[in-house]
Amino acid sequence: MLFPLESALTADPKTVAASGDYDIVIVGAGISGAIIAKRAAEAGKRVLILEAGTGANRTLAGYDDLLTTFYSAASKDNQSPFPLNANAAMPRSPLRKLQAGETDSSTYIVQSGPYVSDTTYTRIFGGTTMHWEAKTPASRLLRSDFKTRTIFGQGLDWPLSFEEIEDDYRLAEWEIGVSANVEDQQYLGQTFPGDYVFPMRGLPLSYLDQQVNKGIEGTCVELHGKTYPLKVRPYPQGRNSIPNPAYDGGKGYRPIGAVDTHQVEEGGRCQGNTNCVPLCPVQARYHAGKTLAKAFAVNGKGGERLVELLSQAVASKVHIDPDSGKVRSLEVKVYKDPASSVHETITVKGKVFVLGAGAIETARLMLASGLPSTSGLVGRNLMDHAYLLNWALMPQICGTMRGTSSTGGIVDLRDGPFRERQAAFAIDIHNDGWGWATGAPTSDLLELVDDRNLHGADLRRGVIDRVSRQLLLAFMIEVMPVESNRITVDPQYTDALGNMRPILSFTVPEYTMRGAAYGRHFARTVFARLGAQDHTYYDPSDFGYVAYERQGYAIRGGNHLAGTHIMGTTKTNSVVDKNQRSWDHENLYLVGGGSMPTIGTANVTLTLAAMCFRSSRDILKYLH
């Protein structure tokens with residue numbers, strides 16, 4: 001649900017600049033900022049949210065405009081619904097492969113080779129939840145993911161334990177409205193209190209999932225002396241299904257918007273559309289606009305709105321008081337029109353400042369402000385899941401293109417003693433065919449017409465036969481923190497407003513590549529068991545091509561960005577503490593995935609949401 005037009009008016013920049021009584025100033029209207037704004041408003045605090053995008057999609061009409069743009073776009077990638085805006089530019093697909101030491105500045109993120117990442121994020125109202133897949137494998141990080149250095153000798157330990165964040169995971173599941181059944185998620189040591197249920201009932205496995213599970217049933221693999229039985233498990237989903245009446249001790253769960261399949265405008269029950277990425281046509285999928293709707297609805301004792309939104313406002317510099325070390329103000333560039341770089345610069349003041357613009361943009365802003373932290377780790381330890389795609393043609397019709405993007409997967413190798421030597425992974429089964437891997441079904445149509453000369457009824461039958469048998473296994477492989485994987489800035493690379501752009505330097509760690517090599521072997525085993533014809537091919541000219549032990553692999557980014565301002569135990573080994581508060585500036589919080597010391601094999605959104613509930617309490621305690 002998006003909030004009504006009459007209550008969605010953007011604040012006036014002059015009023016904002018003249019005001020000095022904001023309790024909290026938040027950069028970014030994504031899920032991190034939304035949760036903190038909502039919790040602060042409920043506590044009676046006055047909040048200003050700065051959003052770099054236009055904010056047009058804050059209304060239902062604006063959301064529908066994005067859908068129209070998506071439907072009419074020739075290329076259906078993650079960013080296709082979102083109009084070009086040079087003042088708040090977004091990463092787009094890389095154009096080419098780079099050589100070692102070569103730099104490419106043709107897209108918003110400046111890529112410093114040789115590895116080129118295709119990861120993206122969305123600078124728009126709602127943040128990257130406007131295009132996320134909304135699957136939350138296992139819903140949470142595993143207990144061992146918080147102690148990988150202690151247990152496996154890899155990565156970093158969190159300053160938090162699973163037990164310390166478990167209650168916040170439940171709050172995040174409530175806020176997002178996670179659909180899942182507890183019995184499906186109890187594996188690899190995952191446990192839940194005896195009376196716990198998820199807010200909504202789990203979505204069923206797709207027919208394709210069921211066919212894969214039927215084919216691998218009874219299959220085991222052995223890895224470093226331990227045997228792992230294989231099974232397709234349903235994924236928790238951040239999308240509406242059937243509210244669970246047993247939730248919250250029998251009080252039930254009330255989702256935002258409707259859950260009636262006949263209400264197709266907002267908040268509908270999932271209808272199985274395969275274009276969940278980038279946009280759900282019925283808003284069954286959660287996005288941060290739903291949390292913001294609740295935040296904007298909170299009024300003060302005098303009836304005044306407690307949360308204000310200033311859109312088309314790009315934070316350009318963090319100003320520090322030299323005596324106290326606190327943040328004094330933010331310098332913000334407010335543009336009038338996305339088609340023009342004309343802007344005015346204002347100064348925004350508050351008691352607490354929250355940077356929630358995402359792992360890359362938050363680090364970029366800090367570095368552009370000359371604030372690398374005492375540890376020097378701002379921008380460093382950039383992480384993203386490494387995806388290795390494997391695709392095959394099933395011997396029978398499997399109903400591909402039915403259901404949401406991914407309803408289940410093989411997750412039994414998310415953990416184990418093998419993590420001392422190689423990365424763990426989760427395997428998504430894609431219901432949308434080979435689109436991510438080959439550009440299907442367009443590529444299939446071209447092959448059938450150009451190579452096989454099919455037309456008319458034969459062409460129709462050929463397309464149906466090909467597409468409905470496609471199986472894509474997407475291996476989501478963990479990447480450990482490496483200081484040299486980083487974001488930097490350079491004055492020679494600036495955007496339309498004159499702000500420095502992020503420069504990405506990344507190398508896929510050997511630990512991850514060992515996991516990828518095993519993943520390719522694993523995929524062949526699964527395909528053989530299914531009787532599926534392996535069509536996987538990695539082109540050496542691909543921008544993500546990586547050679548490892550005389551074999552080549554195309555590594556894709558997962559848009560699961562983390563690191564760049566990691567949490568830790570001291571100001572010398574981290575950027576923020578376990579509440580995401582800066583060690584160097586006591587009224588500054590750097591929140592979101594960038595605070596995560598490791599990412600395991602779960603999508604980062606649920607974890608970062610849980611972390612922001614924790615930060616909210618610390619911020620309110622600080623203000624009191």
Trace of the side chain to side chain contact (heavy atoms under 4.5 Å, CB included) decision for Val591 with Met611: CA-CA 8 Å; Val591 302; Met611 288 158 48; over 6 Å; no
Verdict with reasoning, Leu48 to Val348, per side chain to side chain contact (heavy atoms under 4.5 Å, CB included): CA-CA 9 Å; Leu48 174 68; Val348 177; 3.5 Å; yes
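Looking only at atom types and distance, the side chain of Asn499 has a donor-acceptor partner in the side chain of Lys333 under 3.5 Å away. When only modelled atom types and interatomic distance are considered, His319 and Glu331 share a side-chain donor-acceptor pair under 3.5 Å. Side-chain contact check for Arg414 and Thr601: at least one donor-acceptor pair (N or O, by modelled atom type) lies under 3.5 Å. Between the side chains of Thr103 and Gln111, no donor-acceptor pair is found at a separation under 3.5 Å. Between the side chains of Asp21 and Ser19, a donor-acceptor pair is found at a separation under 3.5 Å. Looking only at atom types and distance, the side chain of His560 has a donor-acceptor partner in the side chain of Asn603 under 3.5 Å away. No side-chain donor-acceptor contact under 3.5 Å links Ser117 and Thr119. Side-chain contact of Tyr589 with Arg581: a donor-acceptor pair under 3.5 Å is present, judged by distance alone. Side chain to side chain, Ser595 and Gln580 meet the donor-acceptor criterion of an N or O pair below 3.5 Å. Under the 3.5 Å distance criterion, with hydrogens and angles disregarded, no donor-acceptor pair is assigned to the side chains of Ser373 and Asp584. For the residue pair Tyr115/Ser505, the side-chain donor-acceptor check at 3.5 Å is not satisfied. Counting only N and O atoms by type, the side chains of Arg614 and Asn579 include a donor and acceptor under 3.5 Å apart. Side-chain contact annotation: Trp158 with Thr598, donor-acceptor N/O pair under 3.5 Å present. Using a 3.5 Å distance cut-off with no hydrogens or angles, the side chains of Arg419 and Ser144 do pair a donor with an acceptor.
With contacts defined as side-chain heavy-atom distances shorter than 4.5 Å, the pair Leu590/Val575 qualifies. Annotation: side chain of Val25 is not in contact with side chain of Val354 (no heavy-atom distance under 4.5 Å). In this structure, the side chains of Asn485 and Thr507 come closer than 4.5 Å at one or more pairs of heavy atoms. The shortest distance between side-chain heavy atoms of Ile503 and Asp490 falls below 4.5 Å.
Legend: residues meeting side chain to side chain donor-acceptor pair (under 3.5 Å) with Arg617, ordered by chain and number and at least two apart, are Asp168. Residues meeting the side chain to side chain donor-acceptor pair (under 3.5 Å) test with Lys38, sequence neighbours left out: Glu42, Glu175. Partners of Tyr196 by ring-ring contact (aromatic ring centres under 6.0 Å, His included), not counting sequence neighbours, listed by chain and number: Phe198. Every residue two or more places apart in sequence or in another chain was checked for a side chain to side chain donor-acceptor pair (under 3.5 Å) with Arg285, and none qualifies. Residues satisfying the side chain to side chain donor-acceptor pair (under 3.5 Å) test with Asp577, not counting sequence neighbours, are none.
Heavy-atom neighbours of Lys317 NZ from other residues, nucleotides or ligands within 6.0 Å: at or below the threshold of 12. For Lys349, the NZ atom sits in a loose shell: 12 or fewer heavy atoms of surrounding residues, nucleotides or ligands are nearer than 6.0 Å.
Taking the six-membered ring wherever Trp is involved, the centroid distance between the rings of Tyr121 and His131 does not fall below 6.0 Å.
Here Asn87 contributes atom CG and Leu497 contributes atom CG; the two are 4.0 Å apart, rounded to the nearest 0.5 Å. Atoms OG1 and OH, on Thr345 and Tyr335 in that order, are 14.0 Å from each other to the nearest 0.5 Å.
A distance-only check finds a donor-acceptor pair linking the side chain of Gln312 to the backbone of Lys336 [under 3.5 Å]. A donor-acceptor pair is defined here as one N or O able to donate and one able to accept, closer than 3.5 Å; such a pair exists between the side chain of Asn57 and the backbone of Phe125. No side-chain donor-acceptor contact under 3.5 Å links Thr512 to the backbone of Val508.
Looking at Arg123 and Glu51, no side-chain N of the basic residue comes within less than 4.0 Å of a carboxylate O on the acidic one, giving no salt bridge.
Screening residues 585-598 for salt bridge (Lys or Arg N to Asp or Glu O under 4.0 Å) gives Lys326-Glu586 as the qualifying pairs, with residues at least two apart or on separate chains.
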